[in-house]
Amino acid sequence: MKQHIADLINTALTTLIEDGTLPADTQPKIMVENTRDKSHGDFASNIALTLAKAARTNPRELSQKICAALPASDNVEKTEIAGPGFINFFVSDASTGNLIKVILQEKHNYGRNSDGAGRKVQVEFVSANPTGPLHIGHGRGAAVGDCLCRLMDANGWDVTREFYYNDAGQQINNLALSVQARCKGLNPDHESWPADGYRGDYIVELAESFMRGDTVKSADQSFTGTKDADDLDGIRHFAVAYLRHEQDLDLKAFGVNFDVYFLESSLYTEGKVEAAVKTLIDNGFTYEDGGALWLRTTDFGDDKDRVMRKTDGGYTYFVPDVAYHLDKWQRGFDTVINEQGADHHSTITRVRAGLQALQAEIPKGWPDYVLHQMVTVMRGGEEVKISKRAGSYLTLRDLIDEVGQDATRYFLAARKSDSHLNFDIDLARSESADNPVYYIQYAHARVCSIFRKLAENDLQWDETIGIDALGHLELEAEKRLVVNLGRYPEIVKRAAANRAPNQVANYLYELASDFHTFYNSEKTLVEDTDLRNARLTLAVAVRQVLANGLDLLGVSAPELM
RNA sequence: GCGCCCGUAGCUCAAUGGAUAGAGCACUCGCCUUCUAAGCGAGCGGUUGCAGGUUCGACCCCUGCCGGGCGCGCCA
């Protein structure tokens, strides 16, 4: 509809250019917007405001000329000029009929588009170190990342979900030492407890499992505990497999599935780290100082140079990171989005600098990043304190067990990822209209409920009558619903373009709200056959869009609540 | 000190550079017992942190402050 109106305006502008009202070199950027206020019609364009200067006239006068030059359209009932020179468009009944028809025909495809044209996008998210269970911050990453994937898919992209495991390096050593200490019966208060050891209770369980000789399986490896507390290497492998398995379970409970689990260790075993280092050296961006090898990241906007190879010979974490992203590039992804916690913000400049220094013709701003801020958990009006050091943990699985998958996903995805998030457990658990997830899902269930009632009354929905009778929908609430249903495809585009799943959540809340208002104000199952079928048809369209949108969030659309 | 993010109603949050900045909760006042619910409706509530700038038009873009969060390792 927006495009249609833009086309009408474009035709009008062409006419005005021909008759000399507008200069021949006019390059109009036609913008058509949804109106907020119903009295401003259904759509509005600011075109006269932007072109008034070029036309050497005032916006209102120009808008009158544009309106006069607009070609007739079945979809437009009338136009009005308002305010400083906005042109307001009122859509016709024919247009709403067309929209509802499209929704009923396209069903779960309504709102999807092929803008991505099958191009490859990779989204890397969660990427938690296998040193402990997933906490709520990972949960936010999982929810936002997975919704982004669903959004990109809805926009016609070929999506790969990827999880990067830091299974090499110092943190894994710490983990192994911590487990070993537990295997030997030490606790964190003991004098020979490892300096930066992990203190959580899960380490105890892990050690017990190792000493029992359990076999643990993760996505692509399995390992059996050797029961030997001195076998540090065995403990390391076992611990990583064990915790990866735990994380797999957490993610499964959250309904998040990855296509690729990429192991940091593979970058070493396959020589990709060494190859990247060699290229960086050959390209002349490195130097030795103080026994370490440095990368001149300041050549690419960093505020100081970074150590690549430590004096102990090991590489710092960002070297395999660079090798990893080169690998992503070579795998042919047009777009790569890294979803991660904002506390890792400083890696962005480093990774991009490293990629530039490789001189592999990788674009400067590549890859994309979506960062999420911290999550505060509230229960009973008080903050639930999470201390990693003390080992007190609110894990993602705890949260899912307590409030359910749907509410957890919704709450974690419904806020702008740039902002800190307040997770109110009591609200997420409540089964009332105060809870936005419940409220949206209930709108969906309510449509289903109307149809159950319809069957009880031995009546049937006649879609053909309904569509023909859509002109009977004259109430404010009904028209609002129709207009909002029409907005959905644009929401899908915008949310993906802005990398902002929360915009889907906001939209759904508004749509649900409009539906509840409609439901509360008018009976659907009225005597009048035409009106009844028209309302049922509208309700089906609403249910469809709610279901489509909830699917983008990974939240279920129940038929009965 | 430097970098990034945030600052909108009492609280939690919305708002493609557009018209009178919107919801929910809380509060106040009404209504109601229903196609699925103790629900529905209305009202109250704002100098969009402050000060400039760009623009026909700024919560949004730019600059400088103030306040909060995160990061500033040869940890990841």
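Each chain gets a letter, A, B and so on, in the order its sequence line appears, and its residues count up from 1. Here the structure is a predicted model, which is why all the values come from computation and not from measurement.
- Checking A:E264 against A:R494, the closest nucleotide of RNA chain B that is more toward the 5' end is the one next to A:R494.
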Using a 3.5 Å cut-off and no angle test, enumerate the donor-acceptor pairs between side-chain atoms of residues 317-326 of chain A and protein atoms at least two apart in sequence or in another chain.
residue, atom, partner, partner atom, Å
A:Y317, OH, A:R350, NH1, 3.0
A:Y324, OH, A:E162, OE2, 2.8
A:H325, ND1, A:D321, O, 2.9
A:H325, NE2, A:K328, NZ, 3.3
A:H325, NE2, A:N338, ND2, 2.9

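- The separation between A:L371 atom CG and B:rC70 atom C1' is 11 Å, rounded to whole Å.
- Residue A:I440 comes nearest to A:A505 through the heavy atom pair CD1-O, 4.3 Å, listed as atom of the first residue, atom of the second, then distance.
- By the side chain to side chain contact (heavy atoms under 4.5 Å, CB included) test, A:A82 pairs with A:N88, sequence neighbours left out.
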**Fill in**
The dot-bracket string of RNA chain B, counting Watson-Crick and G-U wobble pairs with both distances under 3.5 Å, using [ ] for crossing pairs and | for pairs to another strand, is (((((((..((((....[...)))).(((((.......))))).....(((((..]....))))))))))))....

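- When distances run from any side-chain atom of A:N502 to the nucleotides B:rG3, B:rG69, B:rA14, the shortest one goes to B:rA14.
- Here the closest heavy-atom approach between residue A:R296 and residue A:D305 is recorded as CA-OD1, 3.3 Å.
- Among the atoms of the strands shown, base atoms are found under 4.0 Å from some heavy atom of A:A82.
- In terms of the side-chain hydrogen bond (donor to acceptor under 3.5 Å, both in side chains) criterion, residue partners of A:E339 (sequence neighbours excluded) are, by chain and number, A:H372.
- Using a 4.0 Å heavy-atom distance criterion, A:G85 is classed as making no nucleic acid contact.
- Of the residues in residues 310-317 of chain A, those with a non-hydrogen atom less than 4.0 angstrom from any atom of RNA chain B are A:K310, A:T311, A:T316, A:Y317.
- For the residue pair A:E431 / A:Y442, no side-chain donor-acceptor distance below 3.5 Å is found, with atom types taken as modelled.
- Annotation: proximity of residues 527-547 of chain A to RNA chain B (heavy atom, distance under 4.0 Å) is found for no residue.
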**Prompt:** Could you write nucleotides 5-12 of chain B as a row of B, S and -, 5' to 3', where a protein heavy atom under 4.0 Å of any base atom gives B, of only sugar-phosphate atoms gives S, and otherwise -?
**Reply:** SS-----S

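- A:T286 approaches A:L295 most closely through the heavy-atom pair CG2-CD1, 4.0 Å.
- Distances were taken from every side-chain heavy atom of A:N166 (C-beta onward) to each of B:rU16, B:rA14, B:rA76; the shortest belongs to B:rA76.
- With both ends at atom P, the span from B:rG10 to B:rG71 equals 31 Å, rounded to whole Å.
- Counting atom types as modelled, A:N88 pairs a side-chain N or O with a base atom of B:rA19 as donor and acceptor under 3.5 Å.
- Within a 6.0 Å radius of CZ in A:R480, no more than 12 heavy atoms belonging to other residues, nucleotides or ligands are found.
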Collect all protein-nucleotide pairs involving nucleotides 30-40 of chain B in which both atoms are nitrogen or oxygen and the distance is under 3.5 Å.
residue, atom, partner, partner atom, Å
B:rC35, OP1, A:K523, NZ, 2.5
B:rC35, N3, A:T524, N, 3.1
B:rC35, N3, A:T524, OG1, 3.4
B:rC35, N4, A:Y519, O, 2.3
B:rC35, N4, A:E522, O, 2.5
B:rU36, OP1, A:S449, OG, 3.0
B:rU36, O2', A:Y442, OH, 2.4
B:rU36, O2, A:Y442, OH, 3.2
B:rU36, O4, A:R452, NH2, 2.5
B:rA37, OP2, A:R446, NH2, 3.1
B:rA37, N7, A:Y442, OH, 2.1
B:rA37, N6, A:M561, O, 3.2
B:rA37, N1, A:M561, O, 3.4

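- Side-chain N/O atoms of A:D7 and A:Q3 include a donor and acceptor closer than 3.5 Å.
- Every residue two or more places apart in sequence or in another chain that forms a salt bridge (Lys or Arg N to Asp or Glu O under 4.0 Å) with A:R535 is listed here: A:E478, A:E522.
- Shown here for A:F163 and A:Q247, the closest heavy-atom pair between the two residues is CZ-OE1, 3.6 Å.
- A cation-pi arrangement, defined by a distance under 6.0 Å to the six-membered ring centre and an angle within 45 degrees of its axis, is absent between A:R487 and A:Y507.
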**Request:** In sequence, state the C-alpha distance, the side-chain angles, and the governing distance for A:Y439 and A:H516, and then conclude on ring-ring contact (aromatic ring centres under 6.0 Å, His included).
**Result:** CA-CA 9 Å; A:Y439 187 74; A:H516 288 306; 4.5 Å; yes

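- The shortest non-hydrogen separation linking A:L485 to A:P489 is O-CD, 4.0 Å.
- As judged by a 4.0 angstrom heavy-atom cut-off over every strand, A:K493 is placed among residues making no nucleic acid contact.
- Comparing the C1' positions of B:rA15 and B:rU20 gives an interatomic distance of 14 Å, to the nearest angstrom.
- Taking every side-chain heavy atom of A:E490 into account, B:rU16 is the closest of B:rU16, B:rC75, B:rG3.
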Nucleotide N/O of nucleotides 53-62 of chain B paired with protein N/O under 3.5 Å:
residue, atom, partner, partner atom, Å
B:rC56, OP1, A:K53, NZ, 2.4

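- B:rC74 and B:rA58 have their C1' atoms separated by 47 Å, with the value rounded to a whole Å.
- As judged by a 4.0 angstrom heavy-atom cut-off over every strand, A:A414 is placed among residues making no nucleic acid contact.
- If you take CZ of A:F300 and C1' of B:rG3, they are 20 Å apart, rounded to a whole angstrom.
- Between B:rU47 and B:rG52, the two C1' atoms lie 16 Å apart (nearest whole Å).
- Listed nucleotides B:rC72, B:rA76, B:rC25 differ in distance to A:D434; the shortest reach to its side chain belongs to B:rC25.
- Stacking between A:F86 and B:rG18 is absent: the aromatic ring centre is not both under 5.5 angstrom from the base six-membered ring centre and within 30 degrees in plane angle.
- For the C1' atoms, the distance from B:rA14 to B:rA37 is 28 Å, rounded to whole Å.
- Looking at A:K493 and A:E490, no side-chain N of the basic residue comes within less than 4.0 Å of a carboxylate O on the acidic one, giving no salt bridge.
- Annotation: B:rG18 and B:rC31 have their P atoms spaced 42 Å apart (nearest Å).
- Note that A:R543 lies in the cation-pi zone of A:F451, set by a 6.0 Å cut-off to the ring centre and a 45° limit from the axis.
- If you take atom C1' in B:rA21 and the same atom in B:rA9, they sit 11 Å apart, rounded to whole Å.
- Spacing between atom CG of A:N129 and atom C1' of B:rA76 amounts to 6 Å, rounded to whole angstrom units.
- Going from the C1' atom of B:rG17 to that of B:rU33 covers 48 Å, rounded to whole Å.
- Between the CG atom of A:L427 and the P atom of B:rA26 there is a distance of 11 Å, given to the nearest Å.
- Under the rule for a salt bridge (Lys or Arg N to Asp or Glu O under 4.0 Å), A:E61 has no partner lying at least two apart in sequence or in another chain.
- Under the rule for a salt bridge (Lys or Arg N to Asp or Glu O under 4.0 Å), the partners of A:D302 that lie at least two apart in sequence or sit in another chain are A:R306.
- Within the 4.5 Å cutoff, the side chain of A:V32 has no heavy atoms near those of the A:F89 side chain.
- In this model, no donor atom of one side chain and acceptor atom of the other lie less than 3.5 Å apart for A:Q171 and A:N166.
- Nucleic acid contact for A:V32: base, since at least one base atom lies under 4.0 Å from a heavy atom of the residue.
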